[in-house]
Structure formats: C-alpha cells, structure tokens
Novice: 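Got a structure here, written out as structure tokens. Questions coming.
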Amino acid sequence: MSAPTLPGVVQQWFERKGWEPRRHQLEMLELARRGRSALLVAATGSGKTLAGFLPTICELAEDPNEGLHTLYVSPLKALAVDVQRNLIGPIEEMDLPIRVETRTGDTPSDRKARQRVKPPQILLTTPESLSLLLSYPDASTMFEGLRAIVVDELHGFAKEKRGDLLSLSMARLQKLAPSLRRVGLSATISDPDAYRSWLAPGADMDLVDVVIGDPGAEPDLSILIPENKIPWGGHSGRHAAREVMDLIEAHKTTLVFCNTRSLAELIFQDLWAVNEKALPIGIHHGSLAVEARRKVEAAMAAGKLRGLVATASLDLGIDWGDVDLVVQMGAPKGSSRLLQRIGRANHRLDEPSKGTIVPGNRFEYLEARAALDAIDDGELDPEVFRPGALDVLAQHILAMAVAAPFQQQELLAEVRSSAPYAGLKDETFEEILSFIATGGYALKAYDRFRRLVPEPGGMWRIARPQIAQQHRLNAGVIVEQPLLTVRFRNGRKLGTIEEGYASTLAPGDHFYFSGLSLEVEQFKDTDIIVRASSKTARIVTYGGQRMSMSTHLANRVRHMLCDRNDWHRFPDDVRDWLEVQSERSVLPEPHQLLVETFPHEGRHYMVAYSFEGWNAHQSLGMLITRRMESAGLKPLGFVANDYGLACYGLESIRDPKALFSSDILEQEFVDWVENSMLLKTAFREVAVIGGLVERHHPGKKKSGRQVSFSTDLIYDVLRRYEPQHLLLRAAWDDARRRMTELGRLVRLVDRAAATMLHVEVDRITPMAVPLMVIVGREALPPGAEADETLLVQAEALAQEAMSL
C-alpha cells in the first residue's frame with residue numbers, strides 16, 4: 001500500500017518543521033480515508049495525539065466545513081486543556097480556519113450554551129461532559145454531522161464506570177451519526193483485542209483496525225538505594241529525601257510520583273526540609289483547588305519548576321518536554337502504571353525516558369525489581385474487563401429520556417451495541433426502567449422517586465419537566481467522599497479534604513496541605529478557615545481504595561524469593577535478609593502459602609505471606625480475627641500490607657488451616673460485608689450515580705452529611721423490605737470488586753487449603769519484620785517523635801529476627 005498523500009498546507013508544515021510524518025500517523029490517515037475505526041498503541045512521545053487528529057486536520061484543510069467534525073474525549077480536564085494548547089499551535093502555523101475548544105466542568109456557562117448552538121469543528125471534552133451534552137433536546141442537531149470521536153488514554157478508564165458511561169454515549173453518537181469513526185489512543189495496553197472490542201460498535205472487534213507504533217528508545221530505569229541500605233519498614237521511600245533532592249538539583253525538571261495524596265504532601269515537606277538551594281518545587285493532586293493545579297501546570301509548562309511532587313492526577317498524557325527524570329516514591333504496584341509514569345520524562349520517541357524507583361522496605365525492593373524485569377520482558381499488567389455497571393446505565397437511560405421520549409426496544413438495542421452492556425438481559429433492562437419510573441417496590445409510594453412515565457407503544461418520557469434540570473445538576477459517575485473546603489480568611493480556596501478526616505481536627509490543630517503547614521482557626525458551614533503556620537503538622541489522610549500490587553508482579557516476587565540464582569542482583573542487606581530467613585524458617589515455593597506462628601512480647605502472632613495485595617489482606621484480616629474470637633484465641637488485632645497479613649492475640653494458634661477454610665467466604669464474608677460500613681459506602685455511591693439521591697438542588701448543594709443520611713435511611717428500608725433491589729445488588733458488586741478484590745481473596749483461600757506450609761518458630765523471623773513494624777506504628781500517635789521511636793523499634797526487631 002502506498003503512503004497516503006497529505007494536503008499541500010499540511011505537507012509544507014511538516015517540511016518547515018524539518019519532520020517526516022511517522023509510519024503510524026500515515027496508517028491512521030489511510031484508515032480514516034477508508035472510513036475505518038482504529039486503535040493506536042504507540043509509545044509515549046511518538047506523536048500519538050497528532051496521529052489521532054491528523055485525519056481531521058487533513059479533512060478540514062481540504063473541506064473547511066462549519067459544524068462539529070471531531071470529538072476528543074480524555075479522562076482528565078487538564079489533559080483536554082493541554083491538548084488544546086498543543087493542537088492550536090500546528091493549526092495556527094498552517095493558517096487553517098479550524099476552531100478548537102474545550103468543554104469540561106470548568107467551562108463558563110455562557111460558552112457552554114454557545115457551543116451547543118455554534119459548536120467548534122473540534123471539541124475536547126470528558127466522558128461526563130459528553131453525557132450531559134447528549135441529554136439536551138438539540139443533541140441530534142449538534143452531533144448529526146460528527147465524523148470522528150478520538151478517545152485518548154483509553155487504558156486509563158475503559159474498564160471503570162467512566163468507561164461504561166463513555167461507551168453508552170458512543171452508542172448514542174453512532175445512532176445520531178451512523179458513519180462515525182471511532183479512534184482509541186494508548187501507550188500501555190497488553191491486550192489490544194480486548195480494547196478493540198470495547199471500542200467497536202456491537203463489541204465487534206473486526207470493525208476496528210489496530211495500528212502499532214514503532215517502539216521508542218528503551219527506558220533508562222534504576223532503583224535508588226541510599227548507602228546500599230533499605231529500611232525494614234515503611235512504604236514511602238521517605239528515607240531517601242536527601243538523595244531525591246540531589247537528583248532534582250542534577251536535572252532540569254523532575255516529576256516525583258507518589259501513590260497517595262497523603263504521601264505526596266509528606267514527601268513535599270521532606271523535600272522542602274532538605275531544599276538547601278531553595279529550588280522552586282511544587283505539588284499537584286486531585287484535592288487541590290483548580291486554580292492551584294492550573295498555576296502549577298502553567299509553571300511546569302513554562303519550565304519554571306525544578307521539581308513537582310504529584311499523584312495519579314498527572315499519570316496521563318500531559319506533555320511537558322523539559323521533564324528529564326521521573327522518581328517513583330515507594331513501590332510501583334504495576335508495570336503498566338510505572339511505564340506510563342516513566343513516559344512523562346523525555347517525551348520524545350528517540351530519547352530514553354529516565355526513571356528511578358525508591359523502595360520503602362525490602363519487600364518493596366523485590367517488587368521494584370519485578371517491575372523493571374517485567375518492563376524488560378515487555379510484560380504489562382493484564383486487562384480485566386467486567387460487565388457494565390447498572391447504576392451507570394440507569395443514569396444514562398434517564399439522560400436519554402431527558403433529551404427526548406424513547407421507545408423501549410430501540411433503546412435496548414442501542415444500549416446492547418455498547419460493549420460493556422452487550423450481554424444485558426431483557427429482564428434486567430425492564431428492572432432498571434421500573435427503578436427509574438418508581439424507585440422500586442419499597443419506594444414506589446414516594447412521588448419524588450417517580451422520574452419516568454410509560455406511554456402506549458413502549459414509549460417512555462420524563463415524569464415532569466424539573467427532572468431535566470435535576471439530572472443535569474447531579475449527573476456524573478465520580479462520587480467524592482463528603483468534602484469540606486480549606487480556605488484562608490480572605491476567601492482564597494486551597495482545596496478540599498474529606499469530612500471524615502476534618503472531624504478529627506479542632507481549632508488550633510495543624511495539618512499539612514497544598515505544601516503548607518496550616519493552623520485551623522474555625523469551622524464555618526462547609527469551610528475550614530485556616531492560616532499559614534511554621535509549626536510541624538499532621539498529614540491529611542484520605543479514604544478511598546489503596547492501589548494493590550498487580551497479580552503478575554506478585555507472581556514474579558514469589559519466584560524471586562525461592563530462586564537463589566536471582567539473588568546476586570540484590571543489595572547485600574536484601575540478600576542477607578533472605579539467607580537468614582531460609583535458615584531460621586523457610587522460603588516458600590511460588591505455589592505455596594507460608595504461614596509462620598511465633599510468640600513476641602507476651603502475644604502470639606500468625607503471619608501469612610500471600611502476596612495478594614493490601615485490599616484482599618485487609619478483608620481477610622477482619623474475617624480471620626472474627627474466627628479467632630469464635631475459637632477462643634482472644635485476638636487483639638491484625639495488620640496488612642501488599643505482601644502479607646499478621647494477626648495477633650493472647651493464645652497461640654496451633655491450626656492456621658482451620659482459620660483459612662474456604663467456607664469463610666460463604667458465611668463470615670457475607671455477614672461482615674452486610675454489617676460493615678463497606679456496603680453502606682458502596683450503596684451511597686450507586687444511589688448517587690443511579691439518581692436515587694441528589695447531591696445538588698437548584699441554587700443549593702447538599703452537604704456530604706445530608707447525602708449520607710439520606711442514603712443510609714433508604715439503605716435500611718431496602719435491606720428490610722426489598723433485599724434484592726437493583727441498587728443493593730449494584731452496591732454488592734462494587735463492594736466485592738473495589739474494596740475486597742474478591743477474586744484474589746478466593747485464590748488466597750484456595751491456596752491455603754491446597755498448599756499451606758505452617759512453620760512454628762520460637763521468635764520473629766526476618767520476613768515478618770516489615771509487618772511487625774506496622775504493629776508498632778499503630779500503637780503510636782503520628783509525629784516526628786513517633787518516627788524516631790519506630791526506627792529504634794524496627795532496628796530492635798531486625799536484630800532479634802536476624803540473629804542466628
């Protein structure tokens with residue numbers, strides 16, 4: 001096949017730049033000219049975004065029509081703004097009359113209204129904003145001429161609820177514009193066929209061609225180990241703050257990634273404390289005010305920052321060419337995530353991205369080594385897709401009704417053309433319609449839950465005009481925890497913290513936030529009024545799910561433990577740690593579950609090394625301590641990390657196998673979930689997404705406490721009178737999937753039954769030390785003194801464990 005010819009103005013632009021179009025860019029253009037949808041998998045810095053837009057630019061250069069031509073959808077508002085900036089440059093340099101605009105939650109309302117009447121040729125948006133656009137009666141006029149939808153960073157949200165919402169929106173767009181082409185862009189995908197199916201109409205992957213970009217330069221990756229020593233406990237890499245600051249001093253711009261917002265605030269303070277040259281460094285995470293984030297993004301784009309501490313809020317796509325180093329604090333949790341983050345450095349295909357990992361403890365060293373090996377072997381995290389969420393579908397159906405009355409069977413066929421809902425059953429669809437129309441059996445007496453009305457011929461319409469406004473005020477699938485706003489007395493907003501954490505604060509308390517030490521002056525409505533302080537402070541903590549180590553990294557770590565041929569690559573202290581473990585206890589085979597029991601300071605401990613991730617271990621710890629209670633073992637508590645679980649009590653555990661028996665997931669698990677906050681929290685989210693409870697009313701917003709109160713009341717009613725209610729089932733699905741990682745829990749219990757290796761020892765073992773340090777931490781109040789105490793405790797534990 002000969003290379004497609006570019007329009008003269010586009011060809012001249014490439015020549016003036018001294019560039020040649022890349023092979024994958026021309027392939028994307030050729031497919032577009034044949035009307036084919038495409039998935040592009042190409043390395044960071046390879047011109048992916050230009051490849052996605054090149055067909056649009058060429059078509060509009062040849063035929064500059066008014067009206068919406070291309071939709072670009074990204075998971076992040078910041079990404080839409082960044083792409084707009086990068087796209088406008090080439091369009092202006094080509095002197096093309098193409099308008100490019102963004103539409104996100106931050107777009108002014110007058111511009112939103114104008115965009116529906118006179119849309120730009122290219123509109124950059126998010127899944128939520130697209131769903132809202134489709135809920136207007138004039139959506140058919142706005143989208144009927146749409147030629148292409150480009151979905152960027154596809155891997156970032158396709159498997160989540162935001163992906164469900166976008167997939168449903170694409171099904172509606174396809175109905176409005178039948179010749180619509182779908183384009184997906186990603187740098188890190190292990191199973192392109194799964195994403196082709198997700199992207200395709202009717203989940204028919206043959207309708208989507210895959211284009212693989214040329215591989216970029218191999219990344220330059222390393223593990224940072226100050227003085228060749230790795231701490232026994234902790235998971236943050238804080239011990240290396242001085243060395244990380246040295247790296248920032250030695251590079252143009254360094255991105256320092258942390259796995260949580262709390263850790264980002266902590267690491268920023270640690271770096272600032274050793275920033276003797278007063279280099280400009282910043283902080284960026286999702287709870288900071290939009291203004292603060294934009295300011296930091298602008299400073300980075302202008303090359304004014306030497307270092308930026310960030311969370312997953314900057315994982316995706318933002319193109320800052322001057323970043324020449326990425327530092328990952330703590331373990332990476334997955335090879336795809338690490339590769340995505342490292343790709344933010346040297347955002348050019350022919351230069352290696354440079355990155356370093358700072359492990360927090362010895363297990364984390366093994367995980368970091370496993371991640372680098374996986375990247376060397378080209379092994380990415382496996383893709384796990386699931387059926388579409390029912391609460392998202394309920395929201396989408398109402399959005400379609402708000403746009404115009406619909407015919408039931410026609411909408412069902414449209415919904416089934418969306419991959420996550422391809423297997424949707426007739427009776428489930430009927431049940432969702434009934435839920436939107438009445439609230440369900442237990443709630444149908446209440447008029448406020450009536451949102452849809454049936455009409456003859458299988459038609460449905462909204463029950464009253466106000467439903468449209470209520471839907472648009474409350475739509476969206478990201479449900480924040482109840483939040484309070486942090487402000488200075490002059491009104492300047494710094495960001496938000498969760499209500500649960502705020503309830504632990506009182507006037508006079510100090511906490512770190514937005515890189516500052518803040519003193520609480522007063523609480524006023526939903527605001528915390530603060531002032532800057534120079535005193536040491538607490539770190540803000542957030543709820544939400546912790547990232548767990550991926551299953552394929554866990555498998556690699558299991559193999560490393562028992563493969564002595566691998567140990568020559570490890571630092572001396574890691575090698576010594578494993579040597580002494582093998583002499584004092586045992587190193588398990590990859591298929592075995594090692595469980596150690598030993599006494600320590602008047603308590604009896606049981607430690608299981610299962611490598612199934614923090615979430616699964618946390619759930620299992622709660623279940624096992626309940627079993628210990630029933631068995632008269634007098635449990636006192638448990639601690640968990642990604643690598644294992646330690647339970648402790650006043651009586652010794654002679655038969656661990658009984659505590660892990662498989663019926664634990666049939667009896668105790670169901671009972672525990674139903675009576676924990678876990679299910680109530682999940683129900684609150686699905687009730688908000690499904691539209692049962694409103695966050696906003698015209699002119700006012702409910703506080704998080706009011707929303708929680710409303711959902712708790714409904715939850716109790718449904719559990720009592722309609723336990724099989726659609727939203728209770730959806731909440732169960734969420735609780736299983738997000739909080740407990742049930743699949744990993746099942747594997748763990750199955751492995752315990754088949755391969756448990758129980759070793760009784762007379763004292764703490766080397767592999768138990770990282771978990772035992774957590775036990776010590778939980779008994780101490782937060783603060784610098786506690787950190788010092790912990791260091792002393794950890795060294796004492798290590799000395800006892802390592803002595804032969």
Side-chain angles (χ1 to χ4, degrees), residues 159 188 190-191 223 230 235 259 328 330-341 357 359-384 545-563 566-567 569-570 574 577-578 581 586-596 607-621 639-646 660 665 736-757 766-771 774:
K159 303 187 295 288
T188 49
S190 66
D191 183 1
I223 300 175
I230 301 175
H235 60 85
N259 289 340
Q328 165 67 42
K333 303 300 161 203
S335 55
S336 297
R337 176 180 295 277
L338 180 63
L339 206 53
Q340 186 73 33
R341 289 181 166 182
I357 307 173
N361 60 52
R362 289 156 198 225
F363 276 123
E364 286 204 345
Y365 170 81
L366 296 180
E367 184 184 333
R369 174 57 55 201
L372 297 196
D373 290 352
I375 289 171
D376 279 348
D377 295 343
E379 182 184 317
L380 300 177
D381 301 324
E383 317 290 359
V384 182
Q545 187 188 15
R546 267 173 59 164
M547 285 186 288
S548 286
M549 174 174 55
S550 67
T551 49
H552 83 277
L553 285 197
N555 290 334
R556 282 179 175 271
V557 170
R558 285 195 192 99
H559 280 88
M560 279 180 180
L561 284 177
C562 65
D563 183 4
D566 224 12
W567 293 5
R569 302 188 295 158
F570 302 166
V574 173
W577 172 58
L578 297 178
Q581 171 70 23
V586 71
L587 286 165
E589 294 294 319
H591 65 282
Q592 290 177 321
L593 173 67
L594 172 62
V595 175
E596 295 176 335
V607 182
Y609 304 96
S610 37
F611 301 96
E612 291 296 355
W614 183 87
N615 293 306
H617 295 158
Q618 192 75 4
S619 301
L620 190 64
V639 294
N641 62 17
D642 266 347
Y643 316 99
L645 164 72
F660 284 81
L665 297 181
R736 283 191 185 101
R737 186 164 54 239
R738 294 180 312 139
M739 303 295 194
T740 57
E741 297 192 21
L742 191 62
R744 298 183 80 166
L745 203 51
V746 169
R747 279 200 300 278
L748 199 168
V749 171
D750 287 348
R751 213 163 70 250
T755 69
M756 182 183 287
L757 179 62
M767 265 176 39
V769 174
L771 276 156
I774 304 175

Novice: Is there a side-chain contact between L748 and F660 in this structure, where contact means two heavy atoms from C-beta onward sitting under 4.5 Å apart?
Specialist: yes
Novice: With a 3.5 Å distance limit and no angle check, can you tell me whether E367 reaches the backbone of A554 through a side-chain donor-acceptor pair?
Specialist: no
Novice: Give a yes or no on whether the backbone of N615 and the side-chain of R744 come within a donor-acceptor separation of less than 3.5 Å.
Specialist: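 Side chain of R744 to backbone of N615: no pair is present.
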Novice: May I have the step-by-step check of side chain to side chain contact (heavy atoms under 4.5 Å, CB included) for N259 and Q328, ending in yes or no?
Specialist: CA-CA 8 Å; N259 289 340; Q328 165 67 42; 3.1 Å; yes
Novice: Between N361 (side chain) and P770 (backbone), is there a donor-acceptor pair under 3.5 Å?
Specialist: no
Novice: Might you point out which heavy atoms bring P588 and C562 nearest each other, and give the distance in Å?
Specialist: O-CB, 3.6 Å
Novice: Report the distance from atom CG of N641 to atom CD of Q618, rounding to the nearest 0.5 Å.
Specialist: 10.5 Å
Novice: Are R751 and E589 within salt-bridge range, i.e. N to O under 4.0 Å?
Specialist: no
Novice: Measuring from L620:CG to L645:CG, what's the distance to the nearest 0.5 Å?
Specialist: 5.5 Å
Novice: Working to the nearest 0.5 Å, report the span between OH of Y609 and CG of L771.
Specialist: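 Rounded to the nearest 0.5 Å, the OH-CG separation comes out at 7.0 Å.
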Novice: With a 4.5 Å cut-off on side-chain heavy atoms, are M767 and L594 touching?
Specialist: yes
Novice: So, for R337 and P332, which heavy atoms are closest and what is the spacing to 0.1 Å?
Specialist: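 Heavy atoms of R337 and P332 come nearest at CD-O, 3.6 Å.
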Novice: Picking from D373, D377, T551, what satisfies side-chain hydrogen bond (donor to acceptor under 3.5 Å, both in side chains) with R556?
Specialist: D377
Novice: Quick one: closest heavy-atom pair of I774 and A640, and the distance?
Specialist: CD1-O, 3.9 Å
Novice: Can you measure from CZ (R747) to CG (L593) and round to the nearest 0.5 angstrom?
Specialist: 13.0 Å
Novice: Quick check against the 3.5 Å criterion: does W614 have a side-chain atom that pairs as donor or acceptor with the backbone of M549?
Specialist: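 It does not hold such a pair.
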Novice: Show the nearest heavy-atom pair for residues I223 and A368, with the distance to one decimal.
Specialist: CD1-CB, 3.9 Å
Novice: Could you please spell out the steps behind the side chain to side chain contact (heavy atoms under 4.5 Å, CB included) verdict for L561 and F611?
Specialist: CA-CA 12 Å; L561 284 177; F611 301 96; 3.5 Å; yes
Novice: What's the verdict on side chain to side chain contact (heavy atoms under 4.5 Å, CB included) for K333 and D642, showing C-alpha distance, side-chain angles and the deciding distance?
Specialist: CA-CA 9 Å; K333 303 300 161 203; D642 266 347; 2.4 Å; yes
Novice: Has E364 got a side-chain atom pairing as donor or acceptor with A331's backbone, closer than 3.5 angstrom?
Specialist: yes
Novice: Find the distance between CG (L366) and CZ (R558) and round it off to the nearest 0.5 Å.
Specialist: 13.0 Å
Novice: Ignoring hydrogens and geometry, is there a side-chain-to-backbone donor-acceptor pair from R369 to V557 under 3.5 Å?
Specialist: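 No, the answer is negative, given that no donor and acceptor are paired below the 3.5 Å cut-off.
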Novice: Hey, does the side chain of E596 reach the backbone of A608 with a donor-acceptor pair shorter than 3.5 angstrom?
Specialist: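 No; judged by distance alone, with no hydrogens or angles, the pair does not exist.
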Novice: Give a yes or no on whether the backbone of I230 and the side-chain of R362 come within a donor-acceptor separation of less than 3.5 Å.
Specialist: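 Yes; at least one donor-acceptor contact below 3.5 Å.
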Novice: Tell me the closest heavy-atom pair linking E612 and A616, and the distance in Å.
Specialist: O-CB, 3.7 Å
Novice: To the closest 0.5 Å, what do you measure between CE (M560) and CG (L587)?
Specialist: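 Separation between the atoms: 14.0 Å.
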Novice: So F570 and L578, side chain to side chain contact (heavy atoms under 4.5 Å, CB included) or not? Walk me through it.
Specialist: CA-CA 10 Å; F570 302 166; L578 297 178; 4.0 Å; yes
Novice: Any idea how Y643 and F363 line up, ring-wise: parallel (<30°), tilted (30 to 60°), or perpendicular (>60°)?
Specialist: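 Correct class here is parallel.
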